[in-house]
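Heads up: the structure comes next, in structure tokens.
In what follows, chains are A, B, ... by sequence order, proteins preceding strands, each numbered from 1. Any value given below was found using the heavy atoms of this structure, including those in side chains, with hydrogens, waters and symmetry copies removed.
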Number of protein chains: 4
Amino acid sequence: MNFLMAKLTNQQRKENKRQSILENAKRVFQRKGFLDVTMADIITETQISRGGIYLYFKSVDEIFIEVLKQRNSHSLDNINDEVEHNTPFEDVFNEYLQNQKDRLLNHIEDSLLRAVYEFYFTHKSPTSRQFQQEQFAMIKQTILTMLKLGVSQSKLDDQQLIPLSEQLMFLIEGLSVLSLTGGLTEQQVDQQFALINQRIPRV
Amino acid sequence: MNFLMAKLTNQQRKENKRQSILENAKRVFQRKGFLDVTMADIITETQISRGGIYLYFKSVDEIFIEVLKQRNSHSLDNINDEVEHNTPFEDVFNEYLQNQKDRLLNHIEDSLLRAVYEFYFTHKSPTSRQFQQEQFAMIKQTILTMLKLGVSQSKLDDQQLIPLSEQLMFLIEGLSVLSLTGGLTEQQVDQQFALINQRIPRV
Amino acid sequence: MNFLMAKLTNQQRKENKRQSILENAKRVFQRKGFLDVTMADIITETQISRGGIYLYFKSVDEIFIEVLKQRNSHSLDNINDEVEHNTPFEDVFNEYLQNQKDRLLNHIEDSLLRAVYEFYFTHKSPTSRQFQQEQFAMIKQTILTMLKLGVSQSKLDDQQLIPLSEQLMFLIEGLSVLSLTGGLTEQQVDQQFALINQRIPRV
Amino acid sequence: MNFLMAKLTNQQRKENKRQSILENAKRVFQRKGFLDVTMADIITETQISRGGIYLYFKSVDEIFIEVLKQRNSHSLDNINDEVEHNTPFEDVFNEYLQNQKDRLLNHIEDSLLRAVYEFYFTHKSPTSRQFQQEQFAMIKQTILTMLKLGVSQSKLDDQQLIPLSEQLMFLIEGLSVLSLTGGLTEQQVDQQFALINQRIPRV
DNA sequence: TATGAATGAGCATTCATTCAT
DNA sequence: AATGAATGAATGCTCATTCAT
């Protein structure tokens with residue numbers, strides 16, 4: 001029993017270190033984007049040895065993908081929680097838009113957005129493509145789940161749910177692109193979200 | 001006078017060479033995006049000497065910015081032509097959407113789109129920011145000019161023209177992002193453009 | 001007594017593990033030569049821990065030397081057996097040549113030959129030199145023992161036995177070098193062995 | 001004409017630098033063999049910049065192959081000269097053996113032999129194989145040319161010339177292998193060359 | 001004006017060896 | 001006795017920029 005416990009502890013210790021690397025690396029990506037980040041940056045931030053990091057990850061790419069995976073599952077998890085609690089659709093939807101607005105206007109510089117785009121546009125291998133498409137699929141799914149909540153609460157028609165979800169996704173991507181160039185105002189975000197709100201086919 | 005003529009000829013020769021560099025460089029950017037392009041690539045394509053290119057441009061960045069400037073004035077010019085000829089709004093608008101659809105689905109790989117994004121997301125200096133914002137302003141202006149043509153032909157209401165222009169711009173940016181990851185279908189583009197068309201406040 | 005038995009058993013266990021390491025390592029050397037082999041390779045093949053292997057051997061060099069020592073004693077043992085049984089010289093000699101031919105033409109890639117050469121030519125320390133010379137001495141002794149068998153059976157003159165032994169050794173080394181570059185044909189081996197056979201001073 | 005002369009001078013200057021690199025690199029290979037040599041070693045010896053060397057050669061391999069190519073053509077050239085001057089066969093042959101003996105006994109440590117073997121046994125790609133076989137073919141051709149000179153001077157039978165050439169080649173390779181382990185005496189070389197001399201089928 | 005040879009800082013990655021547990 | 005996580009020195013290679021001619 002001691003033996004088993006010791007072994008578990010070792011595995012846990014390793015997993016903890018892995019998590020620690022990911023958290024430190026995430027800060028680096030937020031600060032510098034993706035392309036400027038070298039293994040040396042992550043090593044410095046993590047306080048680990050040059051060779052040590054390769055015991056956990058094969059490359060900067062691999063670290064970044066892991067950071068993204070952990071991040072994007074959160075959002076969908078949250079929405080699923082709301083669905084389970086049958087939170088009123090308007091509350092869920094407004095909170096979602098509010099979060100996006102906040103992200104677009106205030107947290108761009110310390111978010112992973114720049115890093116994500118730098119990664120996307122420089123990785124064209126089939127594997128990378130698939131990963132990127134999965135990430136977008138997750139965003140679409142998040143929005144669709146929200147809209148279906150509205151339908152199940154008889155607040156929305158169930159017409160054109162998919163094109164609508166996609167439109168919101170495309171719109172948010174477009175806004176994100178603009179926000180990174182620094183050319184996005186609060187008024188613009190409000191106007192766009194208002195237009196979208198009008199479009200939602202309320203019963 | 002001979003002296004002045006000779007000087008003019010030299011200036012012309014210099015301008016021709018500058019243009020030649022830009023045309024060759026453009027092909028390189030279309031092929032390789034922005035980040036992968038080295039001075040060596042441009043030198044090879046241009047058939048100029050390594051030192052020589054620095055007589056015309058200080059860096060790859062400068063060359064790329066110049067390529068973009070020359071490109072983007074075209075689109076607005078075309079729309080302005082249509083306005084002068086008072087071409088029916090529906091024709092102009094449909095052609096615009098058709099061009100965008102074609103670009104998104106067929107010409108992504110040999111367009112400058114990837115290069116543009118790679119450039120945008122890796123350049124945060126005030127100068128670059130301003131340039132990027134000018135580029136987006138030009139796109140918005142193009143769309144707005146089109147919509148105003150519809151108003152002047154009494155085909156459209158003149159309400160919310162700016163938010164609508166911006167929405168189309170954001171949507172196209174979002175679609176562009178997705179198209180670069182290879183995850184964009186013709187059906188999706190058609191659906192999004194149909195949704196936008198419904199929104200245009202026809203009289 | 002219990003204590004002594006336990007100690008013996010431990011020594012045996014240790015010796016078994018040592019042998020196991022050598023057998024596994026030998027396969028690695030056959031597959032990869034010498035220079036490409038890292039401790040990690042041997043660890044993987046041996047299913048032992050990284051630190052554990054250092055309890056038995058100080059380095060890859062030491063492991064390889066031990067593998068070689070065990071291998072080369074075999075050949076001489078076989079010839080000595082034949083001498084004891086007074087097997088006819090022609091049979092012994094022809095079998096020896098046949099074995100060498102087979103090794104040169106068919107088993108180069110899964111033999112230790114490449115590894116041996118890679119080791120020899122990269123180790124110039126006095127210790128290594130001495131080891132290498134012992135190895136060659138053993139080969140020469142093997143051949144010489146064979147020829148002396150022929151003399152004792154009154155099949156051969158006892159003139160120039162040492163230069164002849166050495167010539168066969170040098171020739172085989174030369175053939176081995178060529179075989180590793182892939183440039184050795186069966187015809188060449190046959191011709192060389194035929195020439196040598198003509199030279200053997202039969203009574 | 002001035003223009004052409006200037007251009008020639010540039011090409012010559014570049015060729016001179018290339019030669020200078022090869023000469024310096026050769027010394028490094030003689031001193032350290034092949035495997036221990038890093039680009040840094042060659043850079044230090046050549047007094048060139050880190051990047052500069054890559055303007056002339058892509059890798060250590062490429063430098064080494066070039067060094068070998070320049071070396072091995074010499075030997076065949078010399079023999080061809082002797083053939084043209086119809087130098088007596090015995091003189092040519094004895095001088096050849098004397099040179100080999102000298103090389104084997106005295107100049108091993110500052111010759112390229114160790115480097116050559118280190119290179120051969122660690123390069124198994126088809127391209128490398130072909131190169132190695134060409135090198136051996138050149139050695140065989142050198143010896144064969146010599147023997148044919150003897151035939152043309154009616155000093156030798158023309159029987160078995162190819163197997164004989166090959167035997168001398170194999171023997172010299174075998175002697176070379178032993179010489180690198182430090183286990184080769186003058187007596188051994190003399191004995192082997194004497195045995196070979198007996199074998200040459202003099203008329 | 002134009003050339004292109006030369007520079008050297010910067011980065012990813014491997015691996016033998018150690019040592020706390 | 002055995003483990004395996006951690007270390008960090010070492011190396012090949014690229015590329016923007018300079019400068020002598």
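Scored by the side-chain hydrogen bond (donor to acceptor under 3.5 Å, both in side chains) test, C:E134 finds C:Q130 as partners (sequence neighbours excluded). For the ring pair (Phe, Tyr, Trp, His ring centres under 6.0 Å) test, residues two or more places apart in sequence or in another chain that qualify with B:F121 are A:Y117, A:F121, B:Y117. By the salt bridge (Lys or Arg N to Asp or Glu O under 4.0 Å) test, C:K69 is found to be paired with no residue, residues two or more places apart in sequence or in another chain being considered.
Atom CZ of A:R18 is separated from atom C1' of F:dA6 by 18 Å (rounded to the nearest Å). Counting to the nearest Å, the P atom of F:dC13 and the CD atom of D:E62 are 10 Å from each other. One interatomic measurement links the two molecules: NZ of D:K14 to P of E:dA6, which rounds to 8 Å at whole-angstrom precision. Rounded to whole Å, atom C1' of E:dA16 lies 12 Å from atom CD1 of C:I63. Between the C1' atom of E:dA2 and the CD atom of B:Q47 lies a distance of 15 Å, rounded to the nearest Å. The CZ atom of A:F57 sits 12 Å away from the P atom of F:dA6 (whole-angstrom rounding). With rounding to whole Å, A:I53 atom CD1 is found 11 Å from F:dT7 atom P. At whole-Å resolution of the value, CD in D:Q12 and P in E:dA5 are 15 Å apart.
Here CZ of C:F57 is found 9.0 Å from CD1 of C:I42. Values are rounded to the nearest 0.5 Å. Here CD1 of B:I21 is found 11.0 Å from CG of B:N16. Values are rounded to the nearest 0.5 Å. Here OH of D:Y56 is found 11.0 Å from OG1 of D:T46. Values are rounded to the nearest 0.5 Å. Interatomic distance, CZ of A:R129 versus CG of B:L180, reported as 7.5 Å (0.5 Å rounding).
Side chains of D:R27 and D:N24 form a contact here, defined as non-hydrogen atoms less than 4.5 Å apart. At a threshold of 4.5 Å between non-hydrogen side-chain atoms, the residues A:L68 and A:F64 count as touching. The closest side-chain heavy-atom distance from B:V60 to B:F34 is below 4.5 Å.
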Report the secondary structure of DNA chain F in dot-bracket form, marking unpaired bases with a dot and bases paired to a different strand with |, and treating Watson-Crick or G-U pairs with both distances under 3.5 Å as paired.
.||||||||||||||||||||
Annotated protein contacts, base or backbone, on nucleotides 14-21 of chain F with a non-hydrogen cut-off under 4.0 Å, one of B, S, - each:
BSBBB---
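Note on D:K32 versus D:E45: no salt bridge recorded, every NZ/NE/NH1/NH2 to OD/OE distance being 4.0 Å or above.
Between C:K17 and F:dA1 there is no side-chain N or O to OP1 or OP2 distance below 4.0 Å.
Against DNA chain E, the stretch residues 118-129 of chain C makes no heavy-atom approach under 4.0 Å.
B:L55 comes within 4.0 angstrom of a base, heavy atoms only. If you check every strand for non-hydrogen atoms under 4.0 Å, B:Y56 touches sugar and phosphate atoms only.
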